[in-house]
Peer 1: 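After the structure tokens below, expect a handful of questions from me.
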Amino acid sequence: MDSVDQNQPLLREEEDHHHEQQEQRNSKESKTRVWIESKKLWQIVGPAIFSRVSSYSMNIITQAFAGHLGDVELAAISIANTVIVGFNFGLLLGMASALETLCGQAFGAKRYNMLGIYMQRSWIVLFLFCFLLLPLYVFATPILKWLGQPDDVAELSGLVAVWLIPLHFSFAFQFPIQRFLQSQLKNRVIAWVSLMGLAVNVFVSWLLVYVVDFGVVGAAVALDISWWVLFFGLFGYTAFGGCPLTWTGLSTEAFSGLWEYTKLSVASGVMLCLENWYYRILILMTGYLSNATIAVDALSVCMSINGWQMMIPLAFFAGTGVRVANELGGGNGKAAKFATIVSVTQSTIIGLIFCAVIVILRDKVALIFTSSEDVLQEVENLSLLLAITILLNSVQPVLSGVAVGSGWQATVAYVNIGCYYIIGLPFGFLMGWVFELGVSGIWGGMIFGGTAVQTVILAIITAQCDWEKEAEKAKQRVQKWSSESQPR
């Protein structure tokens with residue numbers, strides 16, 4: 001009995017040591033899993049940030065060249081880009097995001113031949129939608145006059161919009177091929193082609209605006225050329241040996257199952273463009289405040305800062321969509337869940353860093369845009385809202401990426417309608433006009449009433465997701481879409 005009692009501490013010590021070793025092994029395994037998943041994620045996110053910043057910069061460069069021509073020219077190309085092109089950009093970009101579900105899951109399921117078919121199907125659908133959206137470019141002048149723009153600005157903006165029609169049609173081909181390559185983790189080529197497009201944009205803008213003296217039309221044509229360079233660069237890589245498994249040439253199979261694809265594509269388009277338009281409505285609502293000039297200028301500066309930083313969460317949106325779709329397509333529900341956790345965590349940490357920078361430098365963040373003391377002071381007043389917006393936008397797009405990777409676009413579209421347009425806009429109106437809190441009230445109401453509520457709802461949907469069931473759905477989706485593409 002005594003010997004048993006004497007051995008008990010030794011046994012407990014041995015058990016504790018064994019338990020400690022097990023915890024160390026588990027911790028090491030967890031760190032290894034996070035590292036492996038992070039490498040896979042950043043293989044997409046890194047080049048995606050670079051390519052998105054490059055594309056965003058092309059618009060900024062075009063506006064900068066136009067700005068040196070005069071105030072009316074700057075206003076014309078800014079409005080044509082923001083209102084006319086921006087409206088269509090959001091819808092077509094969202095529609096192309098249907099490929100993140102289909103191509104991502106097909107690639108994960110090793111149904112490589114389907115990726116090229118899906119991309120061609122997307123080209124057809126988006127090309128037809130470009131024709132449906134064409135009146136916005138053709139009748140841009142009367143539309144802008146109806147929105148209250150001065151006649152001279154509306155007339156010149158209408159002219160610019162007509163010259164941007166080639167840019168409009170480039171979206172139908174550029175967006176799908178980006179997602180086609182992205183789903184295969186061929187992201188470096190997208191980054192390199194984006195750099196080439198940016199270089200072409202700078203050179204052609206200088207050539208057409210200053211050397212040939214085409215003025216604001218030259219700036220618009222430079223943007224057209226740059227975006228088509230992006231498409232032909234990526235298509236050249238795809239067609240000439242870059243994707244031997246997934247590109248086997250043009251196929252009539254792309255014309256089958258168009259209606260089903262259109263429904264998924266439109267759901268994706270609505271999901272993303274509702275958010276895109278939401279922030280444009282914010283600026284429009286602010287413009288109707290009394291003495292709104294300073295408020296609009298300050299809000300535009302804040303939206304520009306938010307726009308640059310937003311390229312990072314949007315890259316996480318793309319990376320998360322691809323990772324989740326790949327894992328679900330491969331039948332790995334647990335791996336899709338783990339990819340979601342890693343992505344949301346890393347994007348949130350980056351958002352917190354930027355949030356802190358904005359708060360610390362709140363009186364200086366606008367200096368790169370303006371030297372007006374009134375605007376600087378108003379931006380400082382809005383800096384806390386900007387910081388909260390950046391933080392929320394570091395979580396919400398990642399959750400939307402999970403939705404795209406899982407094929408929940410229709411559900412999220414309804415969530416966006418409810419949060420943004422049934423809750424957010426009325427709340428912003430209430431805070432801005434009824435409680436007379438001005439631009440802070442409008443923005444705060446729209447952020448807390450819309451974006452924050454949407455983020456919470458998406459977080460709940462994601463947390464309650466049955467990932468094994470989603471993997472089974474992905475398997476069924478791949479089989480369904482593959483069978484619909486077989487020639488009859």
Peer 1: What distance separates Leu126 CG from Phe175 CZ, expressed to the nearest 0.5 Å?
Peer 2: 8.5 Å
Peer 1: Could you tell me whether the side chain of Ser51 and the main chain of Ala48 form a donor-acceptor pair under 3.5 Å?
Peer 2: yes
Peer 1: Do the ring centers of Phe173 and Trp227 come within less than 6.0 Å of each other?
Peer 2: no
Peer 1: Taking Gly116's backbone N and O only, do any of them form a donor-acceptor pair with Gln120's side chain (distance below 3.5 Å, no angle check)?
Peer 2: yes
Peer 1: What do the steps show when you test Leu328 against Glu472 for side-chain contact (heavy atoms from CB on, under 4.5 Å), and what is the final call?
Peer 2: CA-CA 8 Å; Leu328 290 179; Glu472 185 59 34; over 6 Å; no
Peer 1: For the residue pair Phe316 and Trp42, is the inter-centroid distance of their aromatic rings smaller than 6.0 Å?
Peer 2: yes
Peer 1: Side chains of Leu230 and Met58: does their closest heavy-atom pair fall under 4.5 Å?
Peer 2: yes
Peer 1: Do Phe214 and Val209 have side-chain heavy atoms sitting under 4.5 Å apart?
Peer 2: no
Peer 1: Flag the pair Leu92 / His168 as yes when at least one side-chain heavy-atom distance between them is below 4.5 Å, and no otherwise.
Peer 2: yes
Peer 1: State whether a side-chain donor-acceptor pair under 3.5 Å links Gln454 with Asn416.
Peer 2: yes
Peer 1: With side chains defined as the heavy atoms from C-beta onward, is the minimum distance between Cys465 and Lys469 less than 4.5 Å?
Peer 2: no
Peer 1: Among all residues two or more places apart in sequence or in another chain, which pass the salt bridge (Lys or Arg N to Asp or Glu O under 4.0 Å) test with Lys473?
Peer 2: Glu470
Peer 1: Please examine the side chains of Ile312 and Phe354, heavy atoms only from C-beta on, and report whether any two atoms are closer than 4.5 Å.
Peer 2: yes
Peer 1: Measuring only between side-chain heavy atoms, which start at C-beta, is Ile165 closer than 4.5 Å to Leu134?
Peer 2: yes
Peer 1: Identify whether NZ of Lys or CZ of Arg in Arg121 sits under 6.0 Å from the centre of the six-membered ring of Phe255 and within 45° of that ring's axis.
Peer 2: no
Peer 1: Could you walk me through whether Tyr118 and Phe180 pass ring-ring contact (aromatic ring centres under 6.0 Å, His included), step by step?
Peer 2: CA-CA 8 Å; Tyr118 293 152; Phe180 165 80; over 10 Å; no
Peer 1: Could you tell me whether the side chain of Ser406 reaches within less than 4.5 Å of the side chain of Val324, counting heavy atoms only?
Peer 2: yes
Peer 1: Could you tell me the separation between the SG atom of Cys355 and the CG atom of Leu386, rounded to the nearest 0.5 Å?
Peer 2: 8.5 Å
Peer 1: Rounded to the nearest 0.5 Å, how far apart are CG of Leu382 and CD1 of Ile388?
Peer 2: 11.5 Å
Peer 1: Please test Leu223 against Asn201 for side-chain contact (heavy atoms from CB on, under 4.5 Å), starting from the C-alpha separation and ending with a verdict.
Peer 2: CA-CA 6 Å; Leu223 205 54; Asn201 181 251; 3.9 Å; yes
Peer 1: Is it true that Ser343 and Thr320 share a donor-acceptor pair across their side chains at a distance under 3.5 Å?
Peer 2: yes
Peer 1: Could you check, using the six-membered ring where one of them is a Trp, whether Phe231 and Phe171 have ring centers closer than 6.0 angstrom?
Peer 2: no
Peer 1: Using the side chain to side chain donor-acceptor pair (under 3.5 Å) criterion, which residues pair with Ser205? Sequence neighbours excluded.
Peer 2: none
Peer 1: Could you verify whether a donor N or O on one side chain and an acceptor N or O on the other, from Thr451 and Gln396, lie under 3.5 Å apart?
Peer 2: no
Peer 1: Got a second to check how far Leu391's CG is from Ile358's CD1, nearest 0.5 Å?
Peer 2: 12.0 Å
Peer 1: Indicate whether the side chain of Trp467 and that of Glu327 have a donor and an acceptor atom separated by less than 3.5 Å.
Peer 2: no
Peer 1: In the structure I gave you, are the side-chain heavy atoms of Leu181 and Cys243 within less than 4.5 Å of one another anywhere?
Peer 2: yes
Peer 1: Atom CD1 in Ile124, atom CE in Met119: separation rounded to 0.5 Å?
Peer 2: 11.0 Å
Peer 1: Run the side-chain contact (heavy atoms from CB on, under 4.5 Å) check on Phe448 and Leu385 step by step: do they pass?
Peer 2: CA-CA 10 Å; Phe448 292 109; Leu385 282 173; 4.1 Å; yes
Peer 1: Go through the side-chain N and O atoms of Ser183 and Glu100 and say whether any donor and acceptor fall under 3.5 Å apart.
Peer 2: no
Peer 1: To the nearest 0.5 Å, what is the distance between OG1 (Thr411) and CD1 (Ile457)?
Peer 2: 12.0 Å
Peer 1: Scan residues 261-271 for pairs that pass salt bridge (charged side-chain N to carboxylate O under 4.0 Å, His left out), counting only residues two or more places apart or in two chains.
Peer 2: Glu260-Lys263
Peer 1: Taking Asn187 for its side chain and Pro47 for its backbone only, find out whether a donor-acceptor pair lies under 3.5 Å.
Peer 2: no
